[in-house]
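For reference, the structure discussed in these notes is given below.
All of these numbers come straight from a predicted model, not from anything done at the bench.
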Amino acid sequence: MDKCLLKQLTEAKDASHLMKNISQEDKNKALLNISSALLEHIDEIIIENQKDIACAKENNMSPAMIDRLLLDSQRIQSMAQDVRKLTQLEDPIGQVIREIERPNGLHIQQVRVPIGVFAIIYESRPNVTVDIACLCLKSSNVCVLKGGKEAIHSNRILTRLMQEATKDILPYGCIHLIDNTDRLIVNELIQANDYVDVVVPRGGKGLIDFVVKNATVPVIETGAGNCHLYIDKEADMQKAIDISVNAKIQRPSVCNAIETILVHQDIAHVYLPLMVKAFDGKVEIRGDEKVQQIIDCYPATKEDYAKEYDDYIVAIKIVDSIEEAISHIYQYSTKHSESIITEDEQAAAKFMDSLDSACVYHNASTRFSDGGEFGFGAELGISTQKLHARGPLGLIEMTSYQYKIYGNGQVRK
């Protein structure tokens, strides 16, 4: 193993043992210090971030992906505010989940405990560096961060500020950044079973698939987001248009933005022209043959329906029924987030009960699939698997449990 990585992982493992005994008061104090440090160093953060932005432009990164990378004063202030909000959330560590009294007098408690060392592998978005580190601290976990090379300058300054802000409160080594951009280091990290308790990949399908296939450390698979919006024949047209715009345009580079719109044939001739007008030329539209007969657009292929664009592009398909919409979603979805727009309560129930995605919506934008929007504070990611958690991963989902058994001399016969 790389010597620098081994040193970081050893320090992280040692810190995870000490974090178990850190009080809620000290954790909140550390978080408040981080929030203040971000606000006090906005100009310095922006200078480092602009180095990453310049490199991104030189490498012809798309505008949507550059937006993911950008940190401006408003975004940094928002990050600091989100960190402060975490101090107001209930600390999950030590919570008694259930208690059992046995006939032999044993008293058993099931208690929430930290998982230990989280290794997070992610791309582009430097705000993730702060979100994850602070969630880990609040839940008494330790983090080893492996951000993408495209955000290396931003990640370095953010990590340094957090380390300095917490050095007199928390154990040394509770926040680590691997700034070695060699891809081989990822292989070593995801197979470091003696040091890492869980790996969480956040990014595109390629990154996630690589980690899932090659990790020996347990993985929480967070989703690539091929999210769908279904416009039912009983849709309220204003809701349909407003939600379409929000779910596609507000921030197309994130995993909870929609990539495909399915439209019931009975309403397509009304919805599609209005949608084109609302998109105002900002979105490239790819449609099937039926869509092309109603609006001017590019032809859609099977690959288009399977793709997470992360860009101002949307695939559209006209369906004959809600059953066809559900079938299409099962074929192409990454099981992240899907939404139905309809005033028919029975149709909404059928859609939501039939699908197997982590988040299913009725008359709302998929953009709400987010830890902050769910009231969890920030989020570790959006899990698209079923074990041990799914959907936005907040503080509760970042814990395990242990049993504490209290006796008075009992022996088993």
Side-chain angles (χ1 to χ4, degrees), residues 4-5 8 11-12 15 27-56 61 65-87 117-139 141-181 185 189 200-203 253-254 371-372 377-381 398:
C4 182
L5 177 62
Q8 289 180 299
E11 291 171 352
K27 289 188 291 186
N28 285 340
K29 182 179 179 182
L31 291 171
L32 290 173
N33 281 5
I34 289 174
S35 178
S36 297
L38 292 173
L39 295 175
E40 290 167 5
H41 294 86
I42 287 177
D43 291 342
E44 188 177 349
I45 295 169
I46 290 174
I47 289 171
E48 295 302 306
N49 179 251
Q50 282 300 308
K51 295 178 183 178
D52 293 326
I53 296 295
C55 290
M61 187 179 286
M65 296 305 290
I66 289 176
D67 179 67
R68 285 171 70 106
L69 187 59
L70 178 66
L71 291 179
D72 55 20
S73 179
Q74 183 177 354
R75 288 186 180 181
I76 297 169
Q77 290 178 45
S78 179
M79 286 163 54
Q81 184 178 12
D82 288 343
V83 173
R84 188 170 290 271
K85 286 179 181 177
L86 280 178
T87 66
V117 178
F118 278 82
I120 317 296
I121 304 167
Y122 56 105
E123 300 169 335
S124 298
R125 296 172 62 189
N127 63 295
V128 169
T129 300
V130 175
D131 288 349
I132 290 173
C134 292
L135 278 169
C136 284
L137 296 185
K138 179 72 176 185
S139 55
N141 290 295
V142 168
C143 62
V144 179
L145 306 169
K146 178 65 179 76
K149 62 181 180 180
E150 63 277 1
I152 189 64
H153 295 95
S154 305
N155 290 338
R156 282 173 177 161
I157 181 63
L158 292 171
T159 302
R160 179 174 65 79
L161 290 173
M162 290 189 291
Q163 290 171 337
E164 291 176 353
T166 60
K167 65 181 180 181
D168 296 327
I169 307 170
L170 302 180
Y172 176 79
C174 59
I175 304 173
H176 273 295
L177 174 71
I178 300 171
D179 60 5
N180 184 336
T181 58
I185 211 80
L189 179 61
V200 183
R202 287 188 56 165
S253 63
V254 293
E379 70 184 30
L380 183 67
M398 295 176 69

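Between Val144 and Ile120, the closest side-chain pair of non-hydrogen atoms is not below 4.5 Å. Arg202 has its side chain within reach of Arg125: a pair of non-hydrogen atoms, C-beta onward, lies under 4.5 Å apart. In this structure, Gln50 and Leu70 have side chains that are in contact, with non-hydrogen atoms separated by less than 4.5 Å. Using a 4.5 Å cut-off on side-chain heavy atoms (C-beta onward), Val117 and Asn141 make no contact. A heavy-atom distance below 4.5 Å is not found between the side chains of Leu161 and Ile34. Residues Leu137 and Lys27 form no side-chain contact, since every pair of their non-hydrogen atoms from C-beta on lies 4.5 Å or further apart. Taking the side chain as every heavy atom from C-beta outward, Leu145 and Tyr122 approach each other to under 4.5 Å. Glu150 has its side chain out of reach of Asp52: every pair of non-hydrogen atoms, C-beta onward, lies at least 4.5 Å apart.
The two residues Met79 and Leu71 come nearest to each other via the heavy atoms SD-CD2, 3.7 Å. Closest approach of Ala133 to Cys143, counting heavy atoms only: CA-SG, 3.7 Å. When all heavy atoms of Cys134 and Leu31 are compared, the closest pair comes out as CB-CD2, 3.6 Å. Heavy atoms only, all atoms of each residue included: Ala151 and Leu69 are closest at CB-CD1, 3.6 Å. The shortest non-hydrogen separation linking Gly371 to Glu379 is N-OE1, 2.5 Å. Here the shortest heavy-atom pairing between Val142 and Cys174 reads CG1-O, 3.5 Å.
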query: Run the side-chain contact (heavy atoms from CB on, under 4.5 Å) check on Leu32 and Lys29 step by step: do they pass?
result: CA-CA 5 Å; Leu32 290 173; Lys29 182 179 179 182; 5.7 Å; no

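Using a 4.0 Å cut-off between charged side-chain N and carboxylate O, Asp67 and Arg75 make a salt bridge. With respect to Lys167 and Glu164, no salt bridge is recorded, no charged nitrogen being found less than 4.0 Å from a carboxylate O.
Annotation: the span from Leu380 atom CG to Leu135 atom CG amounts to 7.0 Å, rounded to 0.5 Å. Ile42 contributes atom CD1, which lies 9.5 Å from atom CG of Asp72 (distance to the nearest 0.5 angstrom). Interatomic distance, CD1 of Ile157 versus OG1 of Thr129, reported as 12.0 Å (0.5 Å rounding). Atom-to-atom distance recorded for Phe118:CZ and Cys136:SG is 5.5 Å, nearest 0.5 angstrom. Interatomic distance, CG of Asn28 versus CD1 of Ile169, reported as 10.5 Å (0.5 Å rounding). Met162 CE to Leu38 CG: the interatomic distance, rounded to the nearest 0.5 Å, is 7.5 Å.
At distances below 3.5 Å, not a single donor-acceptor pair connects side-chain atoms of Glu11 with backbone N or O atoms of Gly173. A distance-only check finds no donor-acceptor pair linking the side chain of Lys51 to the backbone of His153 [under 3.5 Å]. Between the side chain of Gln163 and the main chain of Ile175, a donor-acceptor pair closer than 3.5 Å is present.
Sorted by first then second residue, the side chain to side chain donor-acceptor pair (under 3.5 Å) pairs that include residues 33-45, not counting sequence neighbours, are Glu44-Arg160.
A search for salt bridge (Lys or Arg N to Asp or Glu O under 4.0 Å) contacts involving Arg156 returns Asp179, not counting sequence neighbours.
For the residue pair Gln77/Ser73, the side-chain donor-acceptor check at 3.5 Å is satisfied. In this structure, a donor-acceptor pair under 3.5 Å is absent between the side chains of Asn180 and Lys146.
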